[in-house]
Amino acid sequence: MTVAGAAAFEAYVAAQPLEHAQLLRDLRSRVLALVPRATDAISYGMPALKLDGAGLVWFASWKRHCSVYPVGPAFLASHPELAGYGHTEKGALHFTRRQPLSEAVLADLVAERLAALAADGGR
């Protein structure tokens with residue numbers, strides 16, 4: 001993690017409501033536990049974790065929920081437990097304290113992203 005990346009993440013999180021700040025810190029910690037080499041960044045105006053310079057996952061706070069990106073239709077179809085979660089065609093999966101991302105779903109999402117990065121040569 002670079003200091004600038006960590007500082008940018010903390011600045012973003014500090015500007016969010018407390019509940020969302022906690023959710024984002026938790027998500028970041030959980031992804032870092034799965035991919036310890038990931039580094040903090042701000043990309044597309046939101047916090048991201050990158051691996052070897054390539055975007056692994058992005059996450060953001062919105063008015064009524066937090067989101068993690070990218071989550072495609074195939075991922076949603078393979079996880080019927082996410083049917084009640086909000087999502088967008090732009091690849092966002094919404095989550096809240098009342099509707100958190102399970103360890104299994106997050107691990108599957110990170111594994112899918114790692115596979116996509118490997119297939120794309122890291123970009």
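We count residues from 1, following the sequence as given. All values below were derived from every heavy atom in this structure, side-chain atoms included, with hydrogens, water molecules and symmetry-related copies excluded.
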**Request:** Hey, could you give me the CD/CG distance between Gln16 and Leu23, rounded to the nearest 0.5 Å?
**Result:** 11.0 Å
**Asked** Is the side chain of Arg30 donor-acceptor paired with the backbone N or O of Ser102 at a distance under 3.5 Å, no angle test?
**Response** yes
**Request:** Over all heavy atoms of both residues, which pair between Tyr12 and Gly45 is shortest? Give the atoms and the distance, please.
**Result:** CE1-O, 3.9 Å
**Asked** Do you know which two heavy atoms are closest between Ala107 and Leu34, and how far apart they sit?
**Response** CA-CD1, 3.9 Å
**Asked** Which pair of heavy atoms, one from Ala38 and one from Leu56, lies closest together, and at what distance?
**Response** CB-CD2, 4.3 Å
**Message:** Can you confirm whether more than 12 heavy atoms, excluding those of Glu81, are under 6.0 Å from its CD atom?
**Reply:** yes
**Prompt:** Is Pro73 close to His87 at the side-chain level, that is, under 4.5 Å between some pair of heavy atoms?
**Reply:** no
**Prompt:** Is a donor on one side and an acceptor on the other found under 3.5 Å between the side chain of Tyr69 and the backbone of Lys90?
**Reply:** no
**Asked** Closest heavy-atom contact between Ala54 and Leu117?
**Response** CB-CD2, 3.8 Å
**Item:** ILVMFWY network linking Met46 to Val57, side-chain heavy atoms under 4.5 angstrom
**Value:** no
**Prompt:** Taking atom CD of Gln22 and atom CZ of Arg97, what is their separation to the nearest 0.5 Å?
**Reply:** 9.0 Å
**Step-by-step side chain to side chain contact (heavy atoms under 4.5 Å, CB included) determination, Leu49 to Thr39** = CA-CA 5 Å; Leu49 287 169; Thr39 58; over 6 Å; no
**Message:** Go through it in stages, so that I can follow the logic: the residues are Val71 and Glu112, the test is side chain to side chain contact (heavy atoms under 4.5 Å, CB included), and I'd like the CA-CA distance, side-chain angles, deciding distance and then a yes or no.
**Reply:** CA-CA 9 Å; Val71 178; Glu112 179 180 275; over 6 Å; no
**Asked** Should Pro100 and Phe95 count as side-chain neighbours, where that means a heavy-atom distance under 4.5 Å?
**Response** no
**Message:** Donor-acceptor check, side chain of His20 to backbone of Trp62, threshold 3.5 angstrom: yes or no?
**Reply:** yes
**Fill in**
Heavy-atom nearest pair, Ala8 first then Ile42, reads CB-CG1, 3.4 Å
**Prompt:** For the atom pair CG (Leu101) and CG (Asp108), what is the distance rounded to the nearest 0.5 Å?
**Reply:** 11.5 Å
**Request:** Could you give me the CA-CA distance, side-chain angles and deciding distance for Leu93 and Leu76, then say whether side chain to side chain contact (heavy atoms under 4.5 Å, CB included) is met?
**Result:** CA-CA 9 Å; Leu93 175 63; Leu76 293 171; 4.0 Å; yes
**Message:** Within this structure, what is the OG-CD distance for the pair Ser61 and Glu19, rounded to the nearest 0.5 Å?
**Reply:** 9.5 Å
**Whether Tyr85 side chain and Thr96 backbone form a donor-acceptor pair below 3.5 Å** = no
**Closest approach of Trp58 to Arg113 (non-hydrogen atoms, all atoms of both residues)** = CZ3-NH2, 4.1 Å
**Prompt:** Which class fits the ring pair Phe59 and Phe9: parallel under 30°, tilted 30 to 60°, perpendicular over 60°?
**Reply:** perpendicular
**Message:** With heavy-atom distances below 4.5 Å as the criterion, would you say the side chains of Val105 and Phe75 are in contact?
**Reply:** yes
**Pairwise distance NE2(His94) to CG(Leu82) - rounded to 0.5 angstrom** = 12.0 Å
